[in-house]
Colleague: 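Sharing a structure below in structure tokens format, with a few things to ask.
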Amino acid sequence: MTCLFCDLVNSVGLSERLDPEELRETLAAYHRVCATVIRRFEGHIHDYLGDGIMVYFGFPSAHEDDAQRAVRSGLGIVEAVEQLNSRIQAEYGIDLHVRIGIDTGLVVAGALAADEGMEDTAAVGVPPNVAARLQALAAPDSVVISSAAYRLIAGYFDCRELGFRSIRGISQPMTIYQVLHESGARTRLDVASQRGLPPMEGRDDELATLAGRWAQARAGQGSVALVAGEPGIGKSRLIWALQQHVAQSPDAFLVRMSCSPYYMNTAFYPVVQLLERALEFEPDDTVEQRLDKTDGLLAQYGLDLPTVVPLLARLLAVPFEGRYSPLDLPADRQRQLTIDALITLTLKRADYQPLLVVFEDLHWIDPSSLDLLTQLIERVPHTRQLVVLSFRPEFLPPWPESPGLERLNLNRLDREASERIVTETAGRPAPNELLDQLVEKADGVPLYLEELTKLVIEQGLIRPPQAGTSHPGNACGLADSTPGPVDRRQGCRPARGGHRPAILLRATRSRVENDRECGLAVAAAQLVPVGRRWTAPGRTQLPRRYLHLQTRPHPRRGLWVTAAGNAAAVSQAHRADADRALPGHGRDRA
Ligand SMILES: Nc1ncnc2c1ncn2[C@@H]1O[C@H](COP(=O)(O)OP(=O)(O)O)[C@@H](O)[C@H]1O
Ligand SMILES: [Mg+2]
């Protein structure tokens, strides 16, 4: 779970300068803007502590990107409070400033109170405390995050390292960071590709199919390919490989759009993003500059500026009335004309050069974009376009079957491919026993293979041989096998009244007794019922069914098991010597 703590700077000073009524109104306005931002990212406001606000991301409801959501909320709050200041400054002559701290890790969450009827959404663990401490270290109007949170958001945001710091109440110092702004990378793959992608395993047939479709599209026979599969299965990776292939055609033109979970209700969101990129809008462009850019693009396509610019300018929220006559159309008509204009742009482009149109993550598409896509798909067959759409299985494509519509369902990878991903991610061979465990747990999902491998590497369980110590044919060395900090604190004390089945996810490091090969410790995230004494598991005890890095209800107990973003949180938690828990919800449903 990720915790965000936000506090006002110098609230004592405020209370001296404002009368109680003014102070109350000011604080209420501040709480309101914070709550609005937090709601947008589906955070849970746990508590208002004076003028501080404690927010959870990942509990009671979990998302795969909770750490990112927390950071976006943090930056959003800073911005929103700045906006609020113009009003407060005019009314009361004061400015508000906030500091924000964010930490990710394990907590015991859920019904903690002994008394029925008491708040049962509390989270007990290190992250709430660390978030509050980091907040105190932040400069006014800035967001400071722990190394555990950084690990989950690195690449998505540009950050400045603030150094290796001791944090009161936390036994080990950690590197902390100030978040500066979003990096522009929107997907895992954007982030990973900054460092160079490892080879793609086991998708030769799918790639060949797509490449065949591309060859046909170049020859004037356009089609649509649907790439379906669960999160982390490799939809984006496959499409990335297709893009590499397409880039070899010197005449190819790529159009990329992706839907976002944050903007499922924002009309044409993916299209707006694309247009803003294509038009090279800069944050400090004036209205005139934006209109010039829009005019320029549409003129290039030979479109009638007075009819089309207002449609696109409205879409892009650029005031155009100084240059063109206002739009005076019913909303439906305006929407359809906008779709027509966008389709015209695409078709004109495809006349000029073959197009690869990639539209990712349709499970988050907004209704207007879906409408656009449907109308585009109708026009594809006799154009030089390949339209590739990706989505999770819950999205049901509304388009009728046809020879020009091909569906690829991405399945889990086989054992050999899985092993290669582990080796590639580790950068060295993993010992057999560990390899088996990783492959078994990840169950053919590439994302899990990568994350679990990174997790065991961080715990030092795969490392290069040291001169003179390695066994022949065995590339691993024995990692530190003395009991780690978690081991020493093995009794996971139940929280007060923790008689209800809350759960703890623990990163454990244990030495398997009598291990033959290299005395390798087996790392695994273990779910342990709270209150039960934790003991180092033997290899047969690893509870495989618990290690699914996704949210899903526990079949019997109705528990929610989630790894709050990914396994990295677990390993960080381990390093920080923290008793941390998961958004485990301990209610019996029966
Ligand atoms: N076939 C594959 N071979 C190697 N790595 C893969 C493969 N498919 C996916 N990956 C890796 O797994 C991670 C998740 O893949 P991604 O394409 O983002 O999944 P999805 O888009 O289906 O959610 C990425 O880091 C990606 O590089
Ligand atoms: Mg993807």
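Start at 1 and go down the list; that is how both ligands and their atoms are numbered.
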Colleague: If I apply the N/O under 3.5 Å rule, does G232 come out as touching ligand 1?
Modeller: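 N/O-N/O distance below 3.5 Å exists for this pair.
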Colleague: Looking at non-hydrogen atoms alone, which of G234, S236, S258 comes nearest to atom 9 (C) of ligand 1?
Modeller: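 Nearest heavy atom to atom 9 (C) of ligand 1 lies in G234.
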Colleague: Quick one: CD1 on I239 to CG on L207, what's the gap to the nearest 0.5 Å?
Modeller: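 The CG atom of L207 is 11.0 Å from CD1 of I239, to the nearest 0.5 Å.
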Colleague: List every atom of ligand 1 that sits less than 4.0 Å from any heavy atom of P446, numbering the atoms from 1 in the order shown and giving each element.
Modeller: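 Close to P446: 6 (C), 7 (C), 8 (N), 9 (C), 10 (N), 11 (C), 12 (O).
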Colleague: Would you please say whether a donor-acceptor pair under 3.5 Å links the side chains of T175 and E161?
Modeller: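 Note: T175 and E161 side chains miss the donor-acceptor criterion.
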Colleague: Testing the 3.5 Å rule here: is there a donor-acceptor pair between the side chains of Q375 and R379?
Modeller: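 No, R379 and Q375 have no side-chain donor paired with an acceptor closer than 3.5 Å.
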Colleague: With L362, which of L389, L396, V227 fulfils side-chain contact (heavy atoms from CB on, under 4.5 Å)?
Modeller: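 The residue from L389, L396, V227 that satisfies side-chain contact (heavy atoms from CB on, under 4.5 Å) with L362 turns out to be L389.
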Colleague: Looking at R256, is its backbone amide N or carbonyl O close enough to the side chain of R277 to form a donor-acceptor pair, meaning the two atoms are under 3.5 Å apart?
Modeller: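 Yes: the side chain of R277 pairs with the backbone of R256.
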Colleague: Number the atoms of ligand 1 from 1 as they appear, then name those within less than 4.0 Å of a heavy atom of P199, with their elements.
Modeller: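 With P199 as reference, the close atoms of ligand 1 come out as 3 (N), 4 (C).
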Colleague: State plainly whether the residues E419 and R415 are in salt-bridge range, i.e. N to O under 4.0 Å.
Modeller: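 Judged by the 4.0 Å cut-off on N to carboxylate O distance, E419 and R415 do form a salt bridge.
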Colleague: Can you pull the ring-ring contact (aromatic ring centres under 6.0 Å, His included) pairs that have at least one residue in residues 397-428, sequence neighbours excluded?
Modeller: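 Listed once each, the pairs would be none.
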Colleague: Considering E206, R237, R392, E450 one by one, which has a heavy atom nearer to atom 11 (C) of ligand 1 than any of the others?
Modeller: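 Considering heavy atoms of E206, R237, R392, E450, the nearest to atom 11 (C) of ligand 1 sits in E450.
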Colleague: Quick one, C3 and V130 - any side-chain contact, counting heavy atoms below 4.5 Å?
Modeller: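 Contact flag for C3/V130 side chains = no.
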Colleague: Report the nearest protein non-hydrogen atom to atom 2 (C) of ligand 1: residue, atom name, distance rounded to 0.1 Å.
Modeller: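 Protein heavy atom with the smallest distance to atom 2 (C) of ligand 1: E201 N, 3.5 Å.
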Colleague: Once rounded to the nearest 0.5 Å, what's the spacing between atom CG of L345 and atom CG of L297?
Modeller: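 So the CG of L345 and the CG of L297 are separated by 6.5 Å.
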Colleague: Answer with yes or no whether G229 contacts ligand 1, where contact means a heavy atom under 4.0 Å from a ligand atom.
Modeller: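 So G229 does not count as touching ligand 1.
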Colleague: Spell out the protein N/O/S atoms under 2.8 Å from the Mg ion (ligand 2) as residue plus atom name.
Modeller: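 Hits for the Mg ion (ligand 2) below 2.8 Å: S236 OG.
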Colleague: List every atom of ligand 1 that sits less than 4.0 Å from any heavy atom of R203, numbering the atoms from 1 in the order shown and giving each element.
Modeller: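 Ligand 1 atoms under the 4.0 Å threshold to R203: 1 (N).
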Colleague: State whether the shortest distance between N or O atoms of K235 and N or O atoms of ligand 1 falls below 3.5 angstrom.
Modeller: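 Between K235 and ligand 1, an N or O pair is found under 3.5 Å apart.
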Colleague: Return yes if some donor-acceptor pair links the side-chain N/O of R412 with the main-chain N/O of D443 below 3.5 Å, else return no.
Modeller: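 Checking the backbone N and O of D443 against the side chain of R412, a donor-acceptor pair under 3.5 Å is found.
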